[in-house]
Amino acid sequence: MTAWNIKKVKIADLDYFFQEYTLHSSSVLPISPLRIQSYIRNLRAKLDDVALYYIEDQNQIIAFRTVWADEVQVGTESVRFAWCSGNWVSPEYRRQGISSLILDEMFADWNGKLMFTNYAPESLAGYLKSGLFHLQRSRNGSRFYFNANLLELYATRMRNKGIQLVIWMANLLFRAWYHVRKYTFAAHRFPVNSIDVKQESDDYAVFLAKDSMFKRGPKELSWILEFPWLEKDANKIKIYPFSWKVKDFGYYFIKIETKKVIVSCMISVREGELKLLYWNAADEHHELIAKWLVNFSSKNKIKMLTVLDPSMAKKIKEIRNPFVWNRSYSMNIYSTFDVPENKLKVYDGDGDYIFT
């Protein structure tokens, strides 16, 4: 077995590493320039935090992992840990234990305190096989499909002509039903004084921290918005394995005011895919946000809407909506250390979900 040498890059050295590496190597990039700026300016990061781990063979990166610092409330303590975010091994080097080797190094460097959420099936299996992680929180929401194209959604599964034909026929039926739903849906009308929609944060969007398990507040939100991981660009960058440049991406902040209550929420829209991220509304007022999400999805011909919060997802199913289909979609948070149950909330935008 090859004795692989794991190389590490600390927060303080990320900028220098990227400039030197991209100038002198044709290898795959282990981190994008946008993530570097985000990691460096993370309010919870320290200069000596290791943020990037990678292994080279013949002067080419064959595997890497990236992590970023966060905090979680455990009892009366604020516990510092790292999110696992970015895990890649070159296809010809897979199933050789390389990824696990890096994971063990991360575990040691971060004092046994790591978390991850919602990974691809292959990565999830690797994490669980390590025996380091245990399920801490499970939130069962839904993904709602509207202006979707099944040929795009299932492109990687069309291995033979038989499967291609089945998906092609299913897509014809889906698209036909989509047009019926689109033209027959009547937008919700509900008694409001005003609905304010902005693409930049405002005072009413700052509603976190007190009841948040990950303690994200106004400062953390400002950091996330100022240093996103995605930028609008039609040119795709193939040398980095994960998303970096997209055709369309943006955040929206919504305030709904009625005679009795004011509720607010934050969403992101990436190339027609809408995600609910954060909200400020008691359970009995979730219907206001649900109706707005449904109306927005219909008006803007959203491909799919993802809501991980069970209460909010249930409310969308209960009200009139134009969606063609929905399925269960969960956020599972795994941790190497115990986070006892408490009354603090996990929001859809927690983890790295808000960045992508």
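Hydrogens, waters and symmetry mates play no part in the numbers below; they use all other heavy atoms, side chains included.
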Hey, does the side chain of [X] reach the backbone of [Y] with a donor-acceptor pair shorter than 3.5 angstrom?
| X | Y | answer |
| --- | --- | --- |
| N321 | V294 | no |
| R137 | I333 | no |
| R320 | A186 | yes |
| N160 | G162 | yes |
| R65 | I102 | no |
| S222 | P218 | yes |
| S298 | N295 | no |

Under the salt bridge (charged side-chain N to carboxylate O under 4.0 Å, His left out) test, residues paired with [X] that sit two or more places apart:
| X | result |
| --- | --- |
| E318 | K315 |
| D104 | none |
| K7 | E56 |

Can a salt bridge be assigned to the pair [X] and [Y] using a cut-off of 4.0 Å between side-chain N and carboxylate O?
| X | Y | value |
| --- | --- | --- |
| D48 | K10 | no |
| K245 | E231 | yes |
| K303 | E271 | no |
| K215 | D70 | no |
| E220 | R44 | yes |
| D49 | R80 | yes |
| D309 | R139 | yes |

Give me the atom names and distance for the closest heavy-atom approach of [X] to [Y].
| X | Y | result |
| --- | --- | --- |
| S99 | N87 | OG-OD1, 3.2 Å |
| T336 | G112 | OG1-O, 2.7 Å |
| V67 | C84 | CG1-CA, 4.0 Å |
| N59 | S27 | O-CB, 4.5 Å |
| S264 | I289 | O-CD1, 3.8 Å |
| L34 | P228 | CB-O, 3.5 Å |

Does the side chain of M304 reach to within under 4.5 Å of the side chain of L153, using non-hydrogen atoms?
-> yes
Flag side-chain contact, heavy atom, 4.5 Å: E273 against V269 = no
Carefully, step by step, assess Q136 and N332 under the rule side chain to side chain donor-acceptor pair (under 3.5 Å).
-> CA-CA 8 Å; Q136 294 293 332; N332 295 318; over 6 Å; no
Only one of Y93, Y240, F242, F64 passes ring pair (Phe, Tyr, Trp, His ring centres under 6.0 Å) with W88, and that residue is F64
Output side-chain donor-acceptor pairs under 3.5 Å for residues 337-346, partner residues at least two apart or in another chain, one line each.
{"unit_1": "N342", "atom_1": "OD1", "unit_2": "L344", "atom_2": "N", "d": "2.9"}
{"unit_1": "N342", "atom_1": "ND2", "unit_2": "P340", "atom_2": "O", "d": "3.4"}

Can you tell me if [X] and [Y] form a side-chain donor-acceptor pair at under 3.5 Å?
| X | Y | value |
| --- | --- | --- |
| N147 | R175 | yes |
| R270 | S243 | yes |
| S268 | Y252 | no |

Taking everything shown except [X] itself, do over 12 heavy atoms lie less than 6.0 Å from its [atom1]?
| X | atom1 | value |
| --- | --- | --- |
| E92 | CD | yes |
| K182 | NZ | yes |
| R95 | CZ | no |
| K46 | NZ | no |
| K219 | NZ | no |

Atom pairs and distances, side-chain donor-acceptor, residues 349-356, under 3.5 Å, sequence neighbours left out:
{"unit_1": "D350", "atom_1": "OD1", "unit_2": "Y278", "atom_2": "OH", "d": "2.9"}
{"unit_1": "D350", "atom_1": "OD2", "unit_2": "Y347", "atom_2": "N", "d": "2.8"}
{"unit_1": "D352", "atom_1": "OD2", "unit_2": "S85", "atom_2": "OG", "d": "2.7"}

Between W292 and F296, what is the ring plane arrangement, given parallel below 30°, perpendicular above 60°, and tilted in between?
-> parallel
For the residue pair F116 and Y334, categorise the inter-ring angle as parallel (less than 30°), tilted (30 to 60°) or perpendicular (more than 60°).
-> parallel
Sequence neighbours excluded, the answer for ring-ring contact (aromatic ring centres under 6.0 Å, His included) partners of Y329 is none
From [X] atom [atom1] to [Y] atom [atom2], the distance as rounded to the nearest 0.5 Å:
| X | Y | atom1 | atom2 | answer |
| --- | --- | --- | --- | --- |
| K275 | M266 | NZ | CE | 10.5 Å |
| K113 | S335 | NZ | OG | 9.0 Å |
| I11 | N42 | CD1 | CG | 7.0 Å |

Looking at Y251 versus F249, is the centre-to-centre ring distance below 6.0 Å?
-> yes
Dump the intermediate steps for side chain to side chain donor-acceptor pair (under 3.5 Å) on Y154 and N171, then the final yes or no.
-> CA-CA 10 Å; Y154 296 102; N171 191 55; over 6 Å; no
Would you check, one step at a time, whether the test ring pair (Phe, Tyr, Trp, His ring centres under 6.0 Å) holds for F227 with W229?
-> CA-CA 7 Å; F227 301 100; W229 293 1; over 10 Å; no
Full working for ring pair (Phe, Tyr, Trp, His ring centres under 6.0 Å) between F146 and Y178 | CA-CA 6 Å; F146 188 46; Y178 155 70; 4.9 Å; yes
